Undergrad: 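Right, I'll just put the structure down here and ask away after.
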Amino acid sequence: MRTVRTTLTGCCSSNAATAVEDGAAYTTTLTPKNGYSFDTVRVSMGGTDITATAYNAETGVVSVARVTGDITITATASKPVTYTNVVPTAVDSSG
């Protein structure tokens with residue numbers, strides 16, 4: 001058995017498993033909270049970063065075809081900050 005560890009901030013995972021059988025496949029879908037968007041997602045297996053091959057940013061799916069080491073998934077999502085500029089666009093001679 002291999003350990004699956006997730007550290008998720010502002011998002012959740014569809015797969016709550018904390019272990020997966022060695023050699024088996026592992027899949028989960030990461031979903032940001034309503035109104036949030038992903039800042040970073042990192043997937044590692046056995047201490048090696050496999051994000052480029054295991055994570056699909058368009059679908060949010062993490063997919064490992066054959067688990068050969070402990071899996072760590074770290075993802076952070078945040079709510080975009082929006083603001084309105086309250087500085088006047090023009091000032092007359094009286095200030």
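Not measured: the values here are computed from a predicted model. Counting from 1, the numbers follow the sequence of the chain as shown.
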Undergrad: If you look at every heavy atom in G10 and A77, which pair is closest and at what distance?
TA: O-CB, 3.4 Å

Undergrad: State, without any angle test, whether D39 and S78 hold a side-chain donor-acceptor pair at a distance under 3.5 Å.
TA: yes

Undergrad: Donor-acceptor pair, D70 side chain versus T3 backbone, under 3.5 Å?
TA: yes

Undergrad: Does Y36 share a hydrophobic cluster with I73, counting links as ILVMFWY side-chain heavy atoms below 4.5 Å and allowing steps through other members?
TA: no

Undergrad: So which heavy atom on G35 is nearest to which on K79, and how close?
TA: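 Minimum heavy-atom separation between G35 and K79: O-CG, 3.6 Å.
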
Undergrad: Which atoms form the tightest heavy-atom contact between S63 and T27, and what is the distance?
TA: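 Taking S63 first and T27 second, the nearest heavy atoms are OG-OG1, 3.8 Å.
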
Undergrad: Find the distance between OG1 (T18) and CD1 (I71) and round it off to the nearest 0.5 Å.
TA: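 Rounded to the nearest 0.5 Å, the OG1-CD1 separation comes out at 12.0 Å.
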
Undergrad: For side-chain contact (heavy atoms from CB on, under 4.5 Å), just list the numbers for Y55 and V61, CA-CA rounded to whole Å, side-chain angles, deciding distance to a tenth of an Å, and then say yes or no.
TA: CA-CA 6 Å; Y55 177 64; V61 174; over 6 Å; no

Undergrad: Just by modelled atom types, is the T68 backbone N or O under 3.5 Å from a matching donor or acceptor in the R2 side chain?
TA: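 Flag set: sc R2 to bb T68 pair under 3.5 Å.
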
Undergrad: Consider only side-chain heavy atoms of I, L, V, M, F, W and Y, link residues closer than 4.5 Å, and tell whether F38 and I50 are in one cluster.
TA: yes

Undergrad: Pick out which of T29, L30, V4 makes a side-chain contact (heavy atoms from CB on, under 4.5 Å) with S13.
TA: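 Going through the options one by one, the only one that passes is L30.
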
Undergrad: Given R42 and D49, is the side-chain contact (heavy atoms from CB on, under 4.5 Å) satisfied, shown in steps?
TA: CA-CA 7 Å; R42 183 173 186 271; D49 187 342; 3.5 Å; yes

Undergrad: Could you pull out the closest heavy-atom pair between V64 and A54, with the gap in Å?
TA: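 Closest approach of V64 to A54, heavy atoms only: CG2-CB, 4.3 Å.
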
Undergrad: Apply the test side-chain hydrogen bond (donor to acceptor under 3.5 Å, both in side chains) to residues T40 and T76: give CA-CA distance (whole Å), side-chain angles for both, the deciding distance (0.1 Å), then the verdict.
TA: CA-CA 5 Å; T40 60; T76 58; 2.8 Å; yes

Undergrad: Can you tell me how far apart NZ (K33) and OG1 (T9) are? Round to the nearest 0.5 Å.
TA: 8.5 Å

